[in-house]
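To find a chain, count down the sequence lines: A is the first, B the second, and so on, and within it residues start at 1.
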There are 2 protein chains.
Amino acid sequence: MKEEKKKISIRDIAKQLNISVTTVSFILNGRAKEKRISDHLKEKVEKLVKEVNYKPNRLAQSLRTGKTRILGFMVEDISNPFFANIARYIEEQAYREGYKILYCSTENDREKTQELISMFRERHVDGYIITPPCGVEEDIKALLLDKLPVVLFDRYFPEINVPAVVVENKKGTYNAIKSLIEQGYKNIAFVTVESDQSQMMDRLQGYEQALREHEMLPNILKVKFHDATETIVQKIVEFIRTTDTVDALFFATNYLGVRGLEAIRREGLVMPDQIGVITFDDHDVFQLHNPSVTAVSQPIEEIARQLISNILNQLDESEGVEHPQTVVLPCVLMNRKSSIRSLP
Amino acid sequence: MKEEKKKISIRDIAKQLNISVTTVSFILNGRAKEKRISDHLKEKVEKLVKEVNYKPNRLAQSLRTGKTRILGFMVEDISNPFFANIARYIEEQAYREGYKILYCSTENDREKTQELISMFRERHVDGYIITPPCGVEEDIKALLLDKLPVVLFDRYFPEINVPAVVVENKKGTYNAIKSLIEQGYKNIAFVTVESDQSQMMDRLQGYEQALREHEMLPNILKVKFHDATETIVQKIVEFIRTTDTVDALFFATNYLGVRGLEAIRREGLVMPDQIGVITFDDHDVFQLHNPSVTAVSQPIEEIARQLISNILNQLDESEGVEHPQTVVLPCVLMNRKSSIRSLP
DNA sequence: CTGAAAGCGCTAACAG
DNA sequence: CTGTTAGCGCTTTCAG
């Protein structure tokens with residue numbers, strides 16, 4: 001049995017070998033060559049470190065260097081499959097680079113987000129990956145002012161010069177609506193959430209533009225982000241009933257799509273004949289649903305990849321250059337039966 | 001404009017008020033009364049702290065106290081809706097108590113998990129919430145030995161005396177299988193994942209027991225956890241084809257259920273008439289599917305609640321008592337059309 | 001009631 | 001090449 005006693009420190013291993021902590025520190029930080037430390041000594045140190053399973057105390061390291069190698073990941077709702085999937089990819093890539101991830105859900109709440117940002121600052125996270133709700137512009141600016149690496153995603157603030165990773169929300173929606181029009185749908189409604197966030201505005205604009213080009217009139221249902229599941233379903237049901245000329249629905253988010261399918265089922269409407277359906281953001285539910293549901297699919301893995309590489313870049317370029325680089329990724333329209341009358 | 005200059009420390013605010021840091025520290029830590037510090041002084045300090053928006057450096061605090069107020073949350077896969085939902089509830093409750101959460105996915109990989117545990121230790125997380133893969137028993141024991149708060153969930157190690165939050169896997173499955181039998185299904189197959197984890201073994205046992213009681217023969221398909229989505233679908237398709245007497249399927253996890261539905265769709269089988277289906281763990285997909293799919297639902301919110309309260313308890317009882325308290329929560333069989341022939 | 005001072009464990013400038 | 005040492009910012013004992 002090895003005795004592991006109390007926590008062992010860099011001092012202990014220096015003492016053990018009768019050398020200075022500096023030497024040990026240099027070796028441990030891969031600066032042995034640079035400091036011309038003998039290979040022999042280097043090996044001796046590394047051997048002992050293995051033997052006693054010494055791990056530097058990250059807290060002390062962080063206090064000293066100011067770097068925590070922790071990233072803050074703030075999303076609307078971690079249980080939303082879109083964000084949960086991003087989380088998975090982000091994690092994979094971050095861990096590979098030695099970063100850990102602190103997550104939290106903003107619930108699109110300004111105050112909560114501000115508090116969260118403040119907490120992350122206290123914790124000295126090295127970088128911020130954020131889906132910002134409206135109203136936190138100043139807080140983001142403050143981060144920027146303090147030269148902290150930030151990258152927004154899903155939505156962004158056009159008026160702030162900050163890196164962001166988003167998708168072609170307008171174009172994606174525009175194409176989807178056009179596809180509905182081409183399928184012969186005459187009265188296409190847009191179900192969205194009350195929000196001034198950029199991605200929701202863009203989707204709305206894509207809808208409006210497509211209609212305008214075909215001289216059709218918009219027909220919009222807005223629910224509240226914080227409405228309960230059942231409330232949303234009921235609002236959609238009601239909407240379908242009261243505007244009975246509607247023959248197609250576009251849902252602006254995945255959870256609206258899920259609620260919408262429930263509403264359609266309750267109303268006993270048949271897709272794609274009685275009602276055409278497309279939703280933004282793909283999801284298991286939509287592929288498996290009978291009939292399968294057309295979706296505007298976002299490149300989740302690529303979004304995650306861009307987020308991480310962007311933040312790591314900022315972390316690397318030790319406070320050197322400015323690089324608010326915004327990336328706009330394309331969406332793919334996954335045509336399925338809910339919107340295509342000719343599909344088997 | 002307030003000047004915020006460089007990071008402000010407890011020293012600065014002490015100096016500013018011409019008092020000692022000790023006093024400030026006491027006040028900030030709510031020990032003013034205890035230390036008989038004048039209300040007047042207390043207010044003065046609090047006022048200044050507000051004014052300059054001073055936030056103690058958590059890193060220094062942690063280094064000093066050894067507490068980080070960070071919890072480590074290790075799950076099989078954060079993008080699995082079951083775990084993502086738990087994450088959401090865990091987060092909510094942890095943040096309320098001032099704890100942040102570091103998450104990671106183990107992918108059921110022993111080595112990866114060991115590394116992850118070791119990383120969390122380096123980071124000095126205050127508590128560990130873990131869904132352990134097989135083979136990490138010793139690592140869990142090591143945590144215990146070092147008096148670190150740990151709570152397992154989803155699966156557990158019967159041979160180790162460690163708190164855990166699990167569900168009635170055997171009973172839940174047993175009831176589901178019985179329900180299939182009562183519906184008249186004669187040849188019920190069990191689709192699971194190759195794994196010796198307790199929850200999978202328990203589910204299998206529930207299946208076997210139900211069959212035994214009715215003198216029916218087991219029929220089991222095991223796929224690999226790391227099989228690709230498409231591979232799993234194909235294996236299930238093949239299984240259905242080769243064992244064409246099968247008239248009901250039980251899927252032992254939510255993702256197997258999702259793959260299974262895809263396989264059934266491809267084979268063009270009709271539920272519940274040609275094939276009865278029940279799956280473990282509920283999911284949007286199962287509610288919305290047409291026909292809707294019967295599921296053994298786990299009490300997600302309650303699981304999260306128990307996890308947090310258990311870990312917080314351990315954190316409170318400052319290394320006092322032993323309390324490896326295991327909680328076993330009931331599941332609910334959500335009867336839906338895929339397994340009930342009489343349902344409309 | 002309050003202040004001085006000793007670290008927590010590590011990094012890195014500086015001086016051999 | 002290596003050792004000494006000064007903090008990083010905070011908590012807390014011990015003396016007044």
TODO: Starting at the 5' end of nucleotides 10-16 of chain D, put B wherever the base has a protein heavy atom under 4.0 Å, S where only the sugar-phosphate does, and a dash everywhere else.
DONE: BBBB---

TODO: Check whether any side-chain nitrogen or oxygen of A:Ser20 sits under 4.0 Å from OP1 or OP2 of D:dG3, and answer yes or no.
DONE: yes

Task: For atom CD1 of A:Ile27 and atom P of C:dT11, their distance in whole Å - done: 13 Å

Task: Nucleotide C:dG9, atom P - distance to CZ of B:Arg121 in whole Å - done: 15 Å

- [ ] Specify the separation, in whole Å, of atom CD of B:Glu122 and atom P of C:dG9.
- [x] 15 Å

- [ ] Rounded off to whole Å, could you give me the CG-to-P distance for the A:Leu63 and C:dC10 pair?
- [x] 12 Å

Open item on the list: Under 4.0 Å, heavy atoms only, any strand: does B:Ser62 hit a base, just the sugar-phosphate, or nothing?
Closed with: nothing

TODO: For A:Ser62 and A:Arg58, indicate whether the former's side chain and the latter's backbone hold a donor-acceptor pair under 3.5 Å.
DONE: yes

Open item on the list: Taking any heavy-atom pair under 4.0 Å as a contact, classify B:Leu59: base, sugar-phosphate, or nothing.
Closed with: nothing

Open item on the list: Determine whether a donor-acceptor pair (N or O, by modelled atom type, separation under 3.5 Å) exists between the side chain of A:Thr131 and the backbone of A:Asp154.
Closed with: no

Open item on the list: Can you tell me how far apart CG (B:Asp77) and CZ (A:Arg88) are? Round to the nearest 0.5 Å.
Closed with: 5.0 Å

TODO: Examine the side chains of B:Asn310 and B:Gln314 and answer whether a donor and an acceptor come within less than 3.5 Å of each other.
DONE: yes

- [ ] Under the salt bridge (Lys or Arg N to Asp or Glu O under 4.0 Å) rule, collect the residues that match up with B:Glu159, sequence neighbours excluded.
- [x] none

Open item on the list: According to ring pair (Phe, Tyr, Trp, His ring centres under 6.0 Å), does anything in residues 98-120 of chain B pair up with another residue at least two apart or in another chain? List the pairs.
Closed with: A:Tyr103-B:Tyr103

Open item on the list: Using a heavy-atom cut-off of 4.0 Å across all strands, would you classify A:Asn18 as base, sugar-phosphate, or nothing?
Closed with: sugar-phosphate

